[in-house]
Each structure stands twice: as C-alpha cells, then as structure tokens.
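A short worksheet on the structure shown next.
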Amino acid sequence: MEVFDSSSLKKYCECPRAYYWRYSRDLIPQSWEDSEPSYFEFGTAIHAALEDWYKHKENERAIEVFFDNWSDRLEDKIRTREKGEKLLKKYFSTYKDEPFELLDEPENRFCIDLGGHDFAGRIDLVVKWSGMNLVVDHKTSSRMGQNYYLQYRPDLQMSAYTLAAEELYDMPFEGVVINVLYFTSTKVDVDRDISYRDPWELSEAKD
C-alpha cells in the first residue's frame, strides 16, 4: 500500500497523473536532478531552527541550526543566510512570550488511515491556546496578503493533521495555527492565524 505525505497528497489532489509520474514512477524534472528547489531547502532549514528553539529557547543556538542546514545559492537572491537570520530574530522577538502552552515536544511523527490509505507526516507543534487544542504548522512564504489564509479553507492536509493529532493524543482538536514566517527582498515579518476545522471537513478527510 502506498503511503501519502503532505507533498504527495497535495500533488495527487492537483493532478493524479502528475502524482503517478513523480511518486509512483519516481520521475522528477531535470532541473531537480542535482538539488531540490531552494524554497524547499530554505523552508526545511527554518523548520529545523524552530524545532530547536522550541526545545531549548536559545536564539543563537537555533540560528546556528539554520546555518548548518542552509547554504546560499547564486540563483536565489532572496533566500540567504542573512535573510534567514533576520527572519528568525524577528520571530524570536515577536514570540518571546507565547500565548499558548506546548502539550508535547516539537516535531511528532504520525501515520494514520485516511480514506483507506496510509497518511504519514510530522506535526510541528501541539498546543493549548485559550482553552483550545490546536496543531501548529510552520510556513515560510515569500508572498503574503489579505487572502493568504483562505487557501487553507478547506484544505485536506490541515484536516489530516487535525485528525492525526486527535488520534495521537486521544482528545479533540479544533484546528491548525498557520504560523507564517514571510519575507521579500526588502523585509521580513511574521504572522499567524487559526484555521478552524469544521466537522464536515474532518469527515470528508476521513473518506
């Protein structure tokens, strides 16, 4: 049985044929042969830094984790070591005192049944915020606007993460905190919003 993760699930929903060539036949574009696109690796490096920060709350240590996981690329003038450091410092200063309580260690792996298929992934954080149990999902983005959060309603990945948290912790979860670190060529900033999951969305994800 094939195991889906967030990337393969998104690709399947977008285009089953593209999913088949990429994940069943393991064929990738020629431009990806030497390395993954820089936005993937930059986001992965930021995720690694945030994981370390939520474990230790040591700013410089987390920035070093980012440096260990990211090397600048000549073709990408936006995603740089300097930009990543500024982005993380902005995050650490903004959320020095979080409004939520961590319910577990960062980065929890899971594998659940989703409509007769195995869906595997990692939850960035699980938290209690204003009496609600929520999943936190870190996002890095070079685009941000008034409608940014609308792309997650509905969203199968976020519904699956909510279901996974309910199964892992045996308690109800209200939805997902979309935790965004965004940047342009001239600025960095952070923002977040709660994307609530309605019962119909969770039921649809199970099916």
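The figures that follow rest on heavy atoms only: side chains count, while hydrogens, waters and symmetry mates do not. Quantities reported herein were computed from a predicted structural model and do not represent experimental measurements.
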Between L202 and T162, is there a side-chain heavy-atom distance shorter than 4.5 Å? yes
Strictly distance-based, threshold 3.5 Å: is any side-chain N or O of S203 a donor or acceptor partner for the main-chain N or O of P199? no
For the aromatic rings, using the six-membered ring if either is Trp, is the centroid distance between F183 and F42 under 6.0 Å? yes
NZ/NE/NH1/NH2 to OD/OE distance under 4.0 Å, R79 and E41: no
Between the side chain of E51 and the main-chain N/O of P106, is any donor-acceptor distance below 3.5 Å? no
Please answer whether the main-chain N or O of H138 pairs with a side-chain N or O of H47 as donor and acceptor at a distance below 3.5 Å. yes
Show, in sequence, the C-alpha distance, side-chain angles and deciding distance for V177 and F100, and conclude whether the side chain to side chain contact (heavy atoms under 4.5 Å, CB included) test is met. CA-CA 11 Å; V177 180; F100 52 64; 5.6 Å; no
Just by modelled atom types, is the R81 backbone N or O under 3.5 Å from a matching donor or acceptor in the D72 side chain? yes
Donor on one side chain, acceptor on other, Y91 and N179, under 3.5 Å: yes
How about K86: does its NZ atom have over 12 heavy atoms from other parts shown lying under 6.0 Å from it? no
Test side-chain hydrogen bond (donor to acceptor under 3.5 Å, both in side chains) on D191 and Y149; report intermediate values, then the result. CA-CA 10 Å; D191 193 39; Y149 297 105; 2.7 Å; yes
In this structure, is the centre-to-centre distance between the rings of F110 and F119 below 6.0 Å? yes
Considering only residues two or more places apart or on different chains, which pairs with a residue in residues 136-146 satisfy salt bridge (charged side-chain N to carboxylate O under 4.0 Å, His left out)? D137-K139
Measure from NZ or CZ of R192 to the centre of the six-membered ring of Y95 and say whether it is under 6.0 Å with the direction within 45° of the ring axis. yes
Would you tell me whether S71 and R73 have side-chain atoms, one donor and one acceptor, within less than 3.5 Å of each other? no
Cation-pi check, K55 onto W53 ring (under 6.0 Å, within 45° of axis): no
Checking D198 side chain against E201 main chain: does a donor-acceptor pair fall under 3.5 Å? no
Presence of salt bridge, E101 and K128, under 4.0 angstrom: no
Is the closest side-chain donor-acceptor distance between E166 and Y161 under 3.5 Å? no
